[in-house]
J.: 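Can you keep this structure in mind? I'll have questions shortly.
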Amino acid sequence: MKNRLEELRKARFVRQDDLAAALEVSRQTISSLEGGRYNPSITLAFKIARYFGMSIEEIFIYEEEDR
Amino acid sequence: MKFKLTLLHKKILAGIGLVVGALLAVGGLIIILKEREVSDVIYGLGLMMFLWSYALVLGCALYLYRAIFKAEELRKDELMKNDERNQLIRGKAAYTAYMVSMIMLGMLANIFILILDYSAAGFTIFGVMVTTNLCYGIAKRIMEKKM
């Protein structure tokens with residue numbers, strides 16, 4: 001699963017630390033999400049979507065080969 | 001509704017732990033000092049009470065100290081502990097460690113029984129393996145019901 005987290009975060013001039021604090025996760029989790037090494041839980045995905053004021057589908061891109 | 005322990009709840013629990021620990025320490029110390037008047041079992045119990053109180057008082061006092069004077073540091077630690085990725089990593093690491101330990105203990109028990117002829121040691125290891133597996137099974141059942 002791909003995501004636009006890094007792009008959206010940088011566009012808003014938000015640091016990984018600040019995003020992590022706002023989402024109540026560790027900075028490492030943000031880093032892993034951005035690197036595509038970790039897929040978030042549905043709760044965290046909703047939190048991220050709410051933080052950026054977007055829908056989950058606009059941030060996370062599901063690809064068939066993930067199945 | 002899901003109940004979640006807040007920092008205040010944890011502080012209260014740590015406070016209770018501290019009081020219980022102090023009581024155990026006093027009780028244990030009284031028993032230890034009356035060594036000649038009490039039976040061996042009671043004396044052993046006193047020793048155990050004193051040792052447990054040490055761990056309880058130290059653990060609870062440390063938590064209270066951090067909650068009061070190092071609140072930010074404690075909040076960060078809690079965040080790291082509850083972080084979903086960290087929880088996943090811990091779970092997977094624990095399962096891997098469990099599997100590796102079981103295989104190694106199994107091999108060790110076989111060596112003790114079949115090669116070295118130390119049956120008691122071998123069966124003790126088997127006992128540890130059975131207990132660990134039982135605990136794992138119970139914990140798994142509880143988790144399955146919760147999720």
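These values consider heavy atoms only, across backbone and side chains, with no hydrogens, waters or symmetry-generated copies. In what follows, chains carry the letters A, B, and so on, assigned in the order in which the sequence lines appear, proteins first and then strands, with residues in each chain numbered from 1.
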J.: May I ask you to check whether over 12 heavy atoms, not counting those of B:Met107, lie within 6.0 Å of atom CE?
T.: no

J.: Counting heavy atoms not belonging to A:Arg12, are there more than 12 under 6.0 Å from its CZ?
T.: yes

J.: CZ of A:Phe46: more than 12 outside heavy atoms within 6.0 angstrom?
T.: no

J.: State yes or no: do B:Leu108 and B:Tyr98 share one hydrophobic cluster built from I, L, V, M, F, W and Y residues joined by side-chain heavy-atom distances below 4.5 Å, directly or via other members?
T.: yes

J.: If I compare all heavy atoms of A:Tyr38 with all of B:Glu84, which pair ends up nearest, and what's the gap?
T.: OH-OE2, 2.7 Å

J.: Within a reach of under 6.0 Å around CZ of B:Arg141, are more than 12 heavy atoms found that belong to other residues, nucleotides or ligands?
T.: no

J.: Quick one: which residues of residues 24-32 of chain A reach chain B at under 4.5 angstrom, heavy atoms only?
T.: A:Glu24, A:Val25, A:Ser26, A:Gln28, A:Thr29, A:Ser32

J.: Is the CE atom of B:Met104 crowded by more than 12 outside heavy atoms at less than 6.0 Å?
T.: no

